[in-house]
Amino acid sequence: MDNTDIVRIFDTTLRDGEQSPGATLNIDEKLEIARQLARLGVDIIEAGFPIASPGDFEAVRRVARDTGQLENPPIIAGLARAARADIERAWEAVREARRPRIHTFLATSDIHLQYKLKISREECLKRVGEMVAYARSLCPDVEFSPEDGGRSDPEFLYQVLDVAIRAGATTLNIPDTVGYTTPAEFGALIRGIHEHVPGIEGVIISAHCHNDLGLATANTLAAIQNGARQVEVTINGIGERAGNTSLEEVVMALHTRPQVFGLQTHIDTTQIVRTSRLVSAYTGMVVQPNKAIVGANAFAHEAGIHQDGVMKNPLTYEIMKPETVGLTESKLVLGKHSGRHAFLSKVAGLGYDLKAEDANRVFERFKELCDKKKVVADADIEAIVNDEIYQPMELWRLEHIQVSCGSGLRPTATVRLRGPDGIVREDAAIGTGPVDSVYKAINRITQVPNELTEFSIKAVTEGIDAVGEVTIRIEPLADGGAREGGTNGDAYLTQAGPRVRTYSGHGADMDIIVASAKAYMSALNKMLTVVKAGTRE
Ligand code: KIV
Ligand code: ZN
């Protein structure tokens, strides 16, 4: 196939996506997501911002090494500001990849030059030339991004891109950093670059859009129609503020409307739902039910008139087949008498790819649930699968909780945990409510100062016997050890001081106090594994 008919998919879930508040991932989670992204067929994985912290550096290095074992590995990119130290660190992190890339950037809008960087346009041009050339002296594949390109003077942008090409950039990525442009404007910007930058035919033009006005996908598609052949996207559209362009939306638009675009990607669309679930569970970023392609309602037809039409012919209301994105309809209703085989085929149909050892644990949980519930719904199964497999390494393990509460009683909890040293510890606490007392008891044992910043609970199905799913976020307190210092992950936007990461955790159980305790243990374990990996500086 002619390469000009291919749109390269550059996934930045592990870099821009991880910058979503609360989406912090530990190294194992990043590795697992990277493996799934490779299975999905992305062309480039931006694995992180290596200079941001030792933990980020190590994660990029591990992803570079790990994906190198694959038969057809994706390119692994590391982000770097246009500064020698950043570029060296990025190169150190990606150099073991079979196909490494350095992605360096410098702002080009007058607002950023004047107020953030405090440099002139001339200095900007000089720095781009020097730093792209330096990156190119280390790595044959160099991407350059003029940050805030969407608000930059096009004539100046052409000059910057000309300098970057002469210095050896192989991909030029145009970011709409603040999600300000409209599709017509962004399309015209890409067309202008195509028409006015000398040597542009020898490099790939890329688009990187943010979703502040809800236009990221539309802007990215406009860029493609005007010559972009790489798009920078994240799974579920996660990212800074309102997020980045969502991978699944762009890929499915190209796939569903060949008459309009006439372009292909290397994506295996049947892996989309699986990838979406994995990223949602690990980042704690819940996908809204009406989210295009991957939301729970994306393929659900509620209105009678629609259901009738779909039954007569799916084409009446269905523009994509659920199977195309990895949802296979299974008519099985599961309950007490369902066997392991039926259960596992149901789980696979829901888009999960369980390892053998996980399958055993999940099946055990399913059987326990069947003792309490007559019919187990898909949502129950999703909740227990997420609860069992998408969890951080268990440094502290919940062994037992007991709570007493009620009117006229002071809520009291007794908790038993097994620590990282294998020793079992028990303590009790009084709280303002049952969950508070459990969390206080856990804090007395683990001694990890943190603040609970978010707590949400939902019943995954209707009915009194529903499974409860709890999602929480915690933030380390100053002496809690997980505060990141130095040059932080989003310094390219803020240039500010230390960034406080928040950590999400989730838990599911028919007993909502147990689900709450599990969610708290999950967030604590995640926070501790990130610190252990050296995120702290
Ligand atoms: O949004 C942005 O400008 C970025 C760049 C670093 C590419 O994420
Ligand atoms: Zn961005």
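Whatever order the structure lists ligands and atoms in, that order sets their numbers, starting from 1.
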Open item on the list: Could you check whether any heavy atom of R15 sits closer than 4.0 Å to an atom of ligand 1, since that is the contact criterion I want to use?
Closed with: yes

Open item on the list: Evaluate E232 for polar contact with ligand 1, using N/O atom pairs at a separation under 3.5 Å.
Closed with: no

TODO: Can you tell me, to 10 degrees, how wide the angle at the Zn ion (ligand 2) is between OD2 on D16 and NE2 on H208?
DONE: 90°

If the threshold is 4.0 Å, N to carboxylate O, is there a salt bridge linking [X] and [Y]?
X: R501; Y: E18; answer: yes
X: E92; Y: R89; answer: no
X: K116; Y: E147; answer: yes
X: R127; Y: E123; answer: no

Sub-4.0 Å atoms of ligand 1 with respect to non-hydrogen atoms of [X]:
X: H210; result: 1 (O)
X: P175; result: 2 (C), 3 (O)
X: E147; result: 3 (O)

Task: Nearest-option assignment for atom 4 (C) of ligand 1, heavy atoms, candidates E46, Q19, H208 - done: H208

Open item on the list: Below 4.0 Å, non-hydrogen atoms only: which portion of D16 touches ligand 1? Side chain, backbone, both or neither.
Closed with: side chain

- [ ] Kindly assign one of parallel, tilted or perpendicular to the pair H196 and Y158, based on the angle between their ring planes and the thresholds 30° and 60°.
- [x] parallel

TODO: Please confirm whether the backbone N or O of S276 pairs with a side-chain atom of S280, one donor and one acceptor, at under 3.5 Å?
DONE: no

